[in-house]
> 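Handing you this structure, nothing more for now.
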Protein chains: 2
Amino acid sequence: MYRIGEFSKICRVPVSALRYYSDIGLLPPVATDPSSGYRYYEAGQLPRLNRILALKDLGLSLDEIGSILDNDLSAAELRGMLRLKQAEMSRAVAEQQAQLDRVESRLRLIESEGEMSDYEIVLKEIDAQHVLSLREIAPEPSHVGTMIGDGFAALMPAGIMPTAPCFSLYHDPEFKPDHIDVEIAYPVPADVTTAPQTPAGRSFGHRIVPGGKMAVTIHQAGYDTIDQAYGALGKWLEANGLGMAGPPQEAYLTAPDDPGGPITEIRIPVE
Amino acid sequence: MYRIGEFSKICRVPVSALRYYSDIGLLPPVATDPSSGYRYYEAGQLPRLNRILALKDLGLSLDEIGSILDNDLSAAELRGMLRLKQAEMSRAVAEQQAQLDRVESRLRLIESEGEMSDYEIVLKEIDAQHVLSLREIAPEPSHVGTMIGDGFAALMPAGIMPTAPCFSLYHDPEFKPDHIDVEIAYPVPADVTTAPQTPAGRSFGHRIVPGGKMAVTIHQAGYDTIDQAYGALGKWLEANGLGMAGPPQEAYLTAPDDPGGPITEIRIPVE
DNA sequence: CTTGACTCTCCAGTAGCTGGAGACTCCATA
DNA sequence: TATGGAGTCTCCAGCTACTGGAGAGTCAAG
């Protein structure tokens with residue numbers, strides 16, 4: 001019979017961990033002195049402890065290990081659990097590796113630029129949205145602003161409140177300033193499928209804008225400098241080896257008269 | 001000004017996380033109603049939030065992010081931090097990958113055997129130990145037991161108590177049952193460097209048995225079946241792509257008269 | 001009997017939230 | 001004006017596998 005300190009030296013597991021295993025019932029001492037509370041172990045417990053350490057090393061939680069040891073699982077059942085773990089772990093490794101890649105591309109970016117960009121790009125999972133939308137070919141960029149106002153002018157009186165900021169989608173495969181295939185989308189509840197014509201005579205369509213992973217950044221300045229944001233996004237996509245998977249979106253997060261100036265969120269679906 | 005729920009919808013960060021960021025001062029709301037406690041946010045905070053998310057995505061802790069944002073670190077300083085992170089993360093990835101490899105080799109082992117082995121093998125970091133030791137060529141395996149007893153018979157009367165169970169080292173490059181180059185080692189405090197001759201006339205040497213990573217398993221049965229343990233260790237080493245890096249050790253963890261039978265720990269230095 | 005090494009229990013802390021309890025607040029409708 | 005429902009508040013516990021510390025008790029040797 002060893003006291004906890006001696007046993008700890010033999011099995012090379014810290015005393016605090018042995019006490020913890022004893023507390024959670026994973027490796028109770030073979031005897032406990034009822035008056036002093038001293039825990040007593042013996043060499044015969046080493047196989048169990050070794051099993052614990054081996055399974056822990058495979059990434060199982062102490063809970064799982066406890067049920068494996070106490071239900072005396074068959075090899076087949078253990079194999080099943082390990083298969084699950086294996087899948088989970090290879091996903092985790094891939095994710096970690098992706099994160100490491102992001103750090104590396106970020107470092108390359110910093111080193112090539114010498115300074116930090118004003119834009120932070122983040123990958124987000126965006127939900128699909130029910131929208132009412134207007135789509136047309138705009139002859140110049142400023143035309144988009146009038147379309148947005150026109151749309152609101154139809155929705156508000158009809159009692160339709162967008163459930164999120166309105167945004168535009170740019171459907172052109174390439175950018176031509178005098179021929180912009182733009183769609184203005186107003187997120188609405190799923191049961192709103194129609195709206196009256198706009199004052200300027202435009203008609204709303206109803207559809208679901210698909211969700212998915214998107215690279216997102218914030219442009220906090222006038223619309224005339226928005227190409228900087230697109231530039232930063234483009235660089236980021238390239239550095240991370242991602243490509244566009246749909247039309248870019250621009251969400252207008254401020255009221256037109258906001259004293260802080262306009263703020264636009266740009267989203268590019270990826271992969 | 002948005003309430004927390006609206007802001008959460010816009011930035012796609014859970015309300016609970018926003019509250020947490022507000023609590024730790026990382027992203028305080030732009031205003032808080034003193035009577036109701038309601039937090040109010042505005043679109044102008046999105047760039048900061050995006051920076052937070054981007055840095056978090058690179059693996060920085062919220063603490064680190066806070067000091068980066070509030071001390072307005074230069075690109076060079078950020079680069080330094082990221083370099084550190086990068087090193088740390090690639091170590092973590094390698095470790096995870098190694099763990100995944102262990103799971104895979106374990107699965108292969110289970111599948112090839114169809115049942116679980118009685119031996120669990122664990123990699124441990126073993127400390128170097130000061131020992132007094134006897135070394136000689138044993139003409140048969142049972143000779144080792146008499147050597148151990150002979151050593152104790154010299155140490156005990158001299159007042160030298162081993163600080164850990166005694167163990168043997170097998171120096172032969174290959175095993176021959178009638179010619180075993182064995183060393184019996186008794187761990188002692190660093191200031192004990194000599195001991196009297198044994199009753200049978202053997203002389204102790206003093207040395208440091210080097211530590212390092214070792215594959216460890218427990219054999220809980222008579223010495224005549226110890227080759228099973230070595231077999232399991234050999235398979236494990238092969239499955240994990242490791243080789244021996246020194247003489248195997250056997251530590252005798254039970255007294256000769258233990259009612260539970262003898263328990264032996266076998267350690268093989270690796271890599 | 002003292003000393004020093006060892007052990008005990010209990011609690012807080014770790015990172016970044018999440019979820020719940022119980023109490024308010026806000027807004028729109030009846 | 002009352003009410004209902006959705007949203008919000010604060011505080012606290014929980015997650016993992018321990019670690020470290022406080023304060024008290026135990027054991028063996030001198």
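All chains are named by letter (A, B, ...) in the order of the sequence lines, taking the proteins before the strands, and each is independently numbered beginning at 1. Values below: all heavy atoms of this structure, side chains included; hydrogens, waters and symmetry mates excluded.
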> C/dA15 P sits how many Å from B/Glu88 CD, rounded?
12 Å
> Measure distances between side-chain N and O atoms of B/Tyr21 and base N and O atoms of C/dG16, and say whether any donor-acceptor pair falls under 3.5 Å.
no
> Between atom CD1 in A/Ile52 and atom P in D/dT16, what is the gap in whole Å?
17 Å
> Starting at atom CG of B/Asp23, determine the distance to atom C1' of D/dT10, rounded to an integer number of angstrom.
9 Å
> Please give, in whole Å, the distance from C/dA15 C1' to B/Asp57 CG?
17 Å
> List the steps and the verdict of ring-ring contact (aromatic ring centres under 6.0 Å, His included) for B/Tyr40 and B/Phe7.
CA-CA 9 Å; B/Tyr40 291 95; B/Phe7 193 65; over 10 Å; no
> Using the closest heavy atom to pick a nucleotide of DNA chain D for each, name whichever of A/Ser61 or B/Ser36 lands nearer the 5' end.
B/Ser36
> For B/Ile4, which contact category applies under a 4.0 Å heavy-atom criterion: base, sugar-phosphate, or nothing?
sugar-phosphate
> Expressed in angstrom and rounded to an integer, what is the separation of A/Asp33 atom CG from D/dA28 atom P?
11 Å
> Measuring to OP1 and OP2 of D/dC9, would you say a side-chain N or O of B/Arg39 lies under 4.0 angstrom away?
yes
> Provide the closest heavy-atom pair for A/Leu27 versus A/Gln45 in the form atom of the first, atom of the second, distance.
CD1-O, 4.2 Å
> State the CE-CZ distance between B/Met81 and B/Arg83, to the nearest 0.5 angstrom.
13.5 Å
> Report the nucleotide, chosen from C/dT7, C/dT25, C/dC8, that has the shortest atom-to-atom distance to any side-chain atom of A/Arg19.
C/dC8
> Could you give the CD1-to-P distance, from B/Ile65 to C/dA15, as a whole number of Å?
13 Å
> As a test of reading the structure: which of D/dC27, C/dC26, C/dC17 is closest to the side chain of B/Arg3, going by heavy atoms?
C/dC26
> Taking the six-membered ring of A/Phe167, is the NZ or CZ of A/Arg267 close enough (under 6.0 Å from the centre) and on axis enough (within 45°)?
yes
> Could you check A/Glu6 against B/Leu62 and say which one's nearest nucleotide on DNA chain C is further toward the 5' end?
A/Glu6
> Heavy-atom nearest nucleotide on DNA chain D for A/Ser35 versus A/Ala17: which residue maps closer to 5'?
A/Ala17
> From CG of B/Leu55 over to C1' of C/dG16, roughly how many Å is that when rounded to an integer?
16 Å
> Of all the nucleotides listed (C/dC17, D/dT26, D/dC9), which has the minimum atom distance to the side chain of B/Ser16?
C/dC17
> Write down the distance between CG (B/Leu18) and C1' (D/dG7), rounded to a whole number of angstrom.
14 Å
> Would a distance-only check, ignoring hydrogens and angles, find a side-chain to backbone donor-acceptor pair under 3.5 Å from A/Ser90 to A/Gln86?
yes
> Taking only N and O in the side chain of A/Lys56, is any of them less than 4.0 Å away from OP1 or OP2 of D/dC18?
yes
